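Keep in mind that what you see is a predicted model, and the values were worked out from it rather than measured. Worth knowing before you read on, the calculation uses all heavy atoms, side chains too, and leaves out hydrogens, waters and symmetry mates.
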Protein chains: 2
Amino acid sequence: MRILVKISYLGTQFMGFQIQQSGRTVQQQFEKILKRMHKRHVRIHPTSRTDRGVHALEQYFHFDTELNIAPEKWKYAMNSALPDDILVHDVTVVDDEFHCRYDCLGKSYRYKVYQTSQRDPFQSGLKTHVNVQLDLTKMNQAAQAFVGTHDFTGFCSQKTEVESKVRTLYQSEIIANSDGFDYVVTGSGFLYNMVRVLVAFLIEVGKGKRQPEDVPRLLESKDRNEVPFTAPAEGLYLEHVYLSEATLLEDFGNDITIHRKKSLQND
Amino acid sequence: MRILVKISYLGTQFMGFQIQQSGRTVQQQFEKILKRMHKRHVRIHPTSRTDRGVHALEQYFHFDTELNIAPEKWKYAMNSALPDDILVHDVTVVDDEFHCRYDCLGKSYRYKVYQTSQRDPFQSGLKTHVNVQLDLTKMNQAAQAFVGTHDFTGFCSQKTEVESKVRTLYQSEIIANSDGFDYVVTGSGFLYNMVRVLVAFLIEVGKGKRQPEDVPRLLESKDRNEVPFTAPAEGLYLEHVYLSEATLLEDFGNDITIHRKKSLQND
């Protein structure tokens with residue numbers, strides 16, 4: 001039986017999602033609980049392997065089990081054993097063919113920046129501090145210029161090892177708020193460090209060091225040296241995971257291109 | 001020259017204030033910076049040695065230096081070298097006789113509790129979760145009953161090694177807010193774990209397991225077995241430090257008893 005689990009977590013005290021040789025990870029927390037329940041190792045498969053310090057407002061994983069436990073009981077069993085910084089929201093039984101990673105049609109990330117003159121230790125790990133004036137209008141113009149299907153070779157880590165670096169962004173916008181702004185981006189998939197490179201570039205636009213008009217040329221050049229910065233992991237939240245075509249079409253319109261990614265890596 | 005430094009910090013990722021054999025501490029962060037600047041070890045003396053996981057909205061320490069650096073430059077030098085979860089607010093030159101611990105006339109703590117049905121991973125480390133109904137009115141009545149000068153032997157860790165366990169509380173109240181309550185307590189000084197024991201007791205009152213009328217008898221009995229619980233460190237904030245009689249009298253009236261504590265320990 002395949003079980004789908006919807007979770008959220010505060011990333012601050014995790015070395016990321018994926019299990020490591022040493023260090024606390026989200027995968028490790030769940031596999032420890034499942035091992036105790038199954039008396040054997042049970043592997044979990046997430047939608048997204050978030051990096052060290054990255055948070056998840058919504059994340060999914062699936063695993064296979066022979067245990068006959070009702071979804072509500074799974075949820076209770078896991079929440080009772082989990083540490084305070086992870087929460088299970090929902091547990092459902094899914095088709096054996098369903099795969100959290102390959103059946104993910106899109107994801108939204110939110111990156112939070114606060115702009116006070118002095119940094120605030122109580123935002124540490126939760127928002128990134130920028131203490132210079134930024135032109136949010138220009139940043140939003142630049143953000144919008146990434147919407148659509150593009151080769152993002154110039155906007156991801158050079159360590160990204162995937163065949164195609166073409167991704168489709170359905171949404172890419174700067175949303176101002178009382179103490180700074182959020183960058184919200186939804187796409188068919190994301191390359192390694194892509195959101196953090198986009199944020200760092202948009203901040204350069206906000207400082208006037210880049211212009212919104214530079215975006216098409218930079219996408220075309222596919223040269224990461226043109227876009228050398230990466231924003232810190234703190235401030236980055238996986239916010240929404242699209243596991244059905246219906247919800248993606250509902251949020252972004254019936255004329256969008258849907259990408260199925262049975263073979264993509266690093267997504 | 002004696003330098004007084006006003007700081008705040010997020011306690012989540014510290015093993016407390018005081019330097020340890022191993023583990024990240026607030027004292028360690030400052031002494032590392034001061035050692036680099038002085039080319040020798042410089043010890044810092046805090047008002048309060050907060051425990052692992054306890055936060056400080058306001059905390060002070062002092063140190064002695066032969067370096068002739070202006071206060072603003074000290075502040076800048078320290079903030080540039082500190083990690084994101086500590087901030088220096090103010091640096092001042094003080095009299096050589098001034099001592100952060102012995103000249104502290106009072107402290108305020110705030111303990112934050114949120115009361116949603118499900119815990120929130122993004123409150124992890126910041127607020128304590130309670131998911132049962134609590135009678136905040138009765139809790140506040142009980143809280144008020146601690147105001148005044150009492151022997152708090154029954155409301156502190158049995159490991160507390162001080163001559164006198166008599167302390168004066170100037171304020172002790174439950175303040176309801178949108179998602180729970182804060183317990184705010186101001187006193188001449190606090191015994192080891194005292195605030196966390198008081199909070200745990202007040203929660204018992206909120207559940208109806210204790211009554212506000214029990215307080216005088218429990219203070220009288222001086223028996224910690226009567227008050228066996230300690231609330232978790234997360235949720236506890238050192239909020240204000242009174243270094244002058246004037247501010248304490250201003251906040252709590254001219255008729256309060258001021259305690260000078262040149263000889264007290266664990267404060």
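- Annotation: side-chain contact (heavy atoms from CB on, under 4.5 Å) contacts of A:Ala77 (sequence neighbours excluded): A:Met37.
- Atoms CZ and CG, from B:Phe122 and A:Leu126 in turn, are 8.0 Å apart once rounded to the nearest 0.5 Å.
- Residues satisfying the ring-ring contact (aromatic ring centres under 6.0 Å, His included) criterion with B:Phe201, sequence neighbours excluded, are B:Phe146, B:Phe155.
- With a threshold of 4.5 angstrom between heavy atoms, A:Leu87 approaches chain B through its backbone and through its side chain.
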What donor-acceptor contacts under 3.5 Å connect chain B and chain A, backbone and side chains included?
residue, atom, partner, partner atom, Å
B:Asn79, O, A:Arg119, NH2, 3.2
B:Asp84, O, A:Arg119, NH1, 3.4
B:Ile86, O, A:Arg119, NH1, 2.7
B:Ile86, O, A:Arg119, NH2, 3.2
B:Arg119, NH1, A:Asp84, O, 3.4
B:Arg119, NH1, A:Ile86, O, 2.6
B:Arg119, NH2, A:Asn79, O, 3.2
B:Arg119, NH2, A:Ile86, O, 3.3

